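Beneath this line is the structure, given in C-alpha cells, with notes to follow.
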Amino acid sequence: MPYLLVRESYMNGCCMVDGLPLNEFRILGEKCSAHPDTRDEKNRRVEFPTTPITILNCLEQMGYRVITSGSFVTGQTNFEKYCQKEFIWTLHRPSTEIECL
C-alpha cells in the first residue's frame, strides 16, 4: 500500500514526488509528457519541471488518491523572506498494482 508525497516549491517552481516505486518513474514521466530534472533512486524521489496539477492528474490515472494536503513554510531570514515555502499533498494507492497504464 504505497504512500506518496507531492511537493510544489514556490521558490523554484518545480514539483517533486517522494516515495514513488522505481518502476513507476518512467510511467509517470510518459503520462505527464515531461522528463524529470532530478532523479534520486536511492530515496525514491523524482523532480519534474511541470505543474503539480499535471502530476496529480497523472498519479490519479495510476490509481493514487489525495488523502491530505497543506502548506509548509519554514524560517525567516533578516529580510523577512521565507527560507522554504511548499505546498504538499499526501497520496495513497490501496493496492500495489497500477490500475490503468
Side-chain angles (χ1 to χ4, degrees):
M1 293 193 282
Y3 284 88
L4 300 180
L5 288 178
V6 175
R7 300 171 184 250
E8 175 193 20
S9 174
Y10 291 120
M11 300 302 179
N12 61 10
C14 69
C15 188
M16 187 176 300
V17 180
D18 289 321
L20 192 66
L22 296 178
N23 60 331
E24 296 180 14
F25 278 12
R26 181 185 53 81
I27 296 168
L28 180 60
E30 289 174 358
K31 286 187 173 290
C32 295
S33 300
H35 296 286
D37 279 348
T38 307
R39 183 174 171 166
D40 182 0
E41 292 181 4
K42 180 180 177 187
N43 296 317
R44 294 176 19 174
R45 177 178 292 162
V46 64
E47 185 175 325
F48 289 96
T50 187
T51 64
I53 300 301
T54 304
I55 298 291
L56 292 169
N57 286 337
C58 294
L59 287 169
E60 182 181 17
Q61 293 172 11
M62 295 169 64
Y64 289 95
R65 301 289 180 256
V66 174
I67 55 173
T68 63
S69 63
S71 62
F72 180 76
V73 178
T74 61
Q76 292 182 335
T77 63
N78 295 336
F79 304 106
E80 296 188 20
K81 292 184 180 179
Y82 295 108
C83 296
Q84 184 176 5
K85 188 175 179 184
E86 298 179 330
F87 198 87
I88 302 172
W89 293 266
T90 304
L91 293 91
H92 177 258
R93 185 174 65 206
S95 69
T96 57
E97 299 296 322
I98 297 177
E99 288 180 3
C100 174
L101 294 176

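Source: prediction; values computed, not measured.
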Original post:
Checking side chain to side chain contact (heavy atoms under 4.5 Å, CB included) for the pair V66/V6: CA distance, chi angles, key distance, verdict?
Top reply: CA-CA 10 Å; V66 174; V6 175; over 6 Å; no
**OP:** For S69, enumerate each residue passing the side chain to side chain donor-acceptor pair (under 3.5 Å) test, keeping only those at least two apart in sequence or located in another chain.
**Re:** none
**OP:** State, to 0.1 Å, how close G63 and P94 come at their nearest heavy-atom pair, and which atoms those are.
**Re:** O-CD, 4.1 Å
**OP:** Output every pair passing salt bridge (Lys or Arg N to Asp or Glu O under 4.0 Å) with a member in residues 47-57, not counting sequence neighbours, ordered by first then second residue.
**Re:** none
**OP:** Just do the side chain to side chain contact (heavy atoms under 4.5 Å, CB included) check on L20 and R44 with the steps written out, would you?
**Re:** CA-CA 6 Å; L20 192 66; R44 294 176 19 174; 5.7 Å; no
Subject >> For R45, all residues meeting salt bridge (charged side-chain N to carboxylate O under 4.0 Å, His left out), sequence neighbours excluded >> reply: D18
Original post:
E60 and L56: side chain to side chain contact (heavy atoms under 4.5 Å, CB included), yes or no, with the steps?
Top reply: CA-CA 6 Å; E60 182 181 17; L56 292 169; over 6 Å; no
**OP:** Answer with yes or no whether the hydrophobic clustering places L59 together with M16; edges join I, L, V, M, F, W, Y residues whose side-chain heavy atoms lie under 4.5 Å apart.
**Re:** no
Original post:
Are side-chain heavy atoms of F48 and L28 found at a separation under 4.5 Å?
Top reply: yes
**OP:** Tell me whether L22 is reachable from I55 by hopping between hydrophobic residues (I, L, V, M, F, W, Y) whose side-chain heavy atoms are closer than 4.5 Å.
**Re:** yes
Original post:
When rounded to the nearest 0.5 angstrom, what distance separates CD in E86 from CG in L5?
Top reply: 10.0 Å
Subject >> For C15 against P52, the heavy-atom pair lying closest together >> reply: SG-CA, 3.7 Å
Subject >> T68: partners by side chain to side chain donor-acceptor pair (under 3.5 Å), with sequence neighbours left out >> reply: T90
Original post:
Where do P21 and Y64 come nearest, in terms of heavy atoms and distance?
Top reply: CD-OH, 3.6 Å
Original post:
For T50, what residues pass the side chain to side chain donor-acceptor pair (under 3.5 Å) criterion, not counting sequence neighbours?
Top reply: none
**OP:** Quick one: pull up NZ in K31 and CD in Q61 and give me the separation to the nearest 0.5 Å.
**Re:** 4.5 Å
Original post:
Run the side chain to side chain contact (heavy atoms under 4.5 Å, CB included) check on V17 and L91 step by step: do they pass?
Top reply: CA-CA 10 Å; V17 180; L91 293 91; over 6 Å; no
